[in-house]
Amino acid sequence: MISHASVVPAQRSGVAGSEVVTVSAVERYKEIVGLAGAAVEKMRDQDRDRVRELLERLAASQDRVAELIEQEKLSQVGVRLLWEAAVDALWEERWMTMKPIPEPDESVPARDQRDYFTAMDVAYQTLEDALQRRGLLRRRSS
């Protein structure tokens, strides 16, 4: 940042003074170039700091994306396993038409993933309980 010193030579600024120091154009040019150089260097330092910060944030976000992708894969496996277990539990019920696993419902409000896992487990346990209560669950003899 340029200091508050005027870049206008004293003799042109209209400042009345008994002693005006005459500065040659070359000296004034060197002074201005020096100020500009210092300002550019300070901006470069700030840019380097900002780049470092942004690279750290980018790396953190990439790590988070990788974690979420892994979590998504595990969720899909868990859903598939519970769906197959439900189909297996209902296998003997010939009157019931089983459909393929449904596509994810994107309209569901966002919540913690554990809430969804809990809801899946509760739904499956409810199915098993209902089948046992009604005597519908028949164990296949192997």
Side-chain angles (χ1 to χ4, degrees), residues 1-17 20-142:
M1 183 169 179
I2 298 175
S3 68
H4 293 288
S6 174
V7 292
V8 178
Q11 56 270 50
R12 291 191 187 169
S13 66
V15 175
V20 175
V21 177
T22 306
V23 178
S24 74
V26 172
E27 291 172 340
R28 190 68 183 139
Y29 174 79
K30 287 180 180 180
E31 180 184 346
I32 292 170
V33 169
L35 290 171
V40 167
E41 191 57 40
K42 186 173 181 179
M43 286 189 325
R44 285 183 181 157
D45 289 343
Q46 290 172 344
D47 287 347
R48 278 190 283 273
D49 292 343
R50 183 72 173 143
V51 166
R52 190 176 310 112
E53 175 191 343
L54 291 174
L55 286 173
E56 289 171 1
R57 289 175 60 190
L58 176 63
S61 69
Q62 288 174 335
D63 290 345
R64 180 68 179 136
V65 167
E67 289 172 13
L68 291 172
I69 289 171
E70 185 66 25
Q71 182 181 1
E72 178 186 26
K73 288 177 184 178
L74 290 173
S75 298
Q76 289 171 345
V77 168
V79 166
R80 194 174 321 112
L81 288 173
L82 276 176
W83 183 262
E84 289 172 4
V87 168
D88 189 49
L90 294 168
W91 184 255
E92 295 296 322
E93 303 307 316
R94 302 282 183 214
W95 58 271
M96 184 176 282
T97 305
M98 294 304 297
K99 297 181 180 180
I101 190 167
E103 291 296 316
D105 184 359
E106 300 291 335
S107 67
V108 175
R111 290 189 299 189
D112 189 86
Q113 190 65 39
R114 289 172 288 198
D115 294 342
Y116 295 116
F117 289 140
T118 301
M120 286 187 318
D121 290 338
V122 167
Y124 180 74
Q125 190 60 49
T126 302
L127 171 67
E128 278 195 340
D129 293 347
L131 290 173
Q132 286 178 354
R133 272 195 319 271
R134 296 180 187 198
L136 296 174
L137 185 61
R138 298 183 202 119
R139 299 283 179 208
R140 284 188 257 165
S141 54
S142 300

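Since this is a predicted model, take the numbers as computed values, not measurements.
Evaluation of the side-chain contact (heavy atoms from CB on, under 4.5 Å) rule for V51 yields L55 as partners, not counting sequence neighbours. Every side chain to side chain donor-acceptor pair (under 3.5 Å) that Q125 has, sequence neighbours left out, goes to D129. In this structure R111 satisfies the salt bridge (Lys or Arg N to Asp or Glu O under 4.0 Å) test with no other residue, sequence neighbours excluded. Take R50 and apply the salt bridge (Lys or Arg N to Asp or Glu O under 4.0 Å) test, not counting sequence neighbours, and it matches E53. Every residue meeting the side-chain contact (heavy atoms from CB on, under 4.5 Å) condition with E41, not counting sequence neighbours, appears here in chain and number order: R44, D45, R48. D112 meets the salt bridge (Lys or Arg N to Asp or Glu O under 4.0 Å) test with R114; sequence neighbours excluded. By the side chain to side chain donor-acceptor pair (under 3.5 Å) test, Y124 pairs with E128, sequence neighbours left out.
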With a 3.5 Å cut-off and sequence neighbours excluded, list the donor-acceptor pairs that the side chains of residues 75-87 form with protein atoms.
{"from": "S75", "atom 1": "OG", "to": "Q71", "atom 2": "O", "distance (Å)": "2.9"}
{"from": "S75", "atom 1": "OG", "to": "Q113", "atom 2": "NE2", "distance (Å)": "3.4"}

May I have the list of side-chain donor-acceptor pairs in residues 99-107 shorter than 3.5 Å, sequence neighbours left out?
{"from": "D105", "atom 1": "OD1", "to": "S107", "atom 2": "N", "distance (Å)": "3.0"}
{"from": "D105", "atom 1": "OD1", "to": "S107", "atom 2": "OG", "distance (Å)": "2.6"}
{"from": "D105", "atom 1": "OD2", "to": "S107", "atom 2": "OG", "distance (Å)": "3.4"}

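Around OH of Y116, the count of heavy atoms belonging to other residues, nucleotides or ligands within 6.0 Å exceeds 12.
With values rounded to the nearest 0.5 angstrom, D115 atom CG is found 11.5 Å from M120 atom CE. Atoms OG1 and CG, from T126 and L131 in turn, are 11.0 Å apart once rounded to the nearest 0.5 Å.
Salt-bridge check for E31 with R28: passed, with a basic side-chain N closer than 4.0 Å to an acidic carboxylate O.
Within the structure, salt bridge (Lys or Arg N to Asp or Glu O under 4.0 Å) contacts touching residues 59-70 (residues at least two apart or in different chains) are R64-E67.
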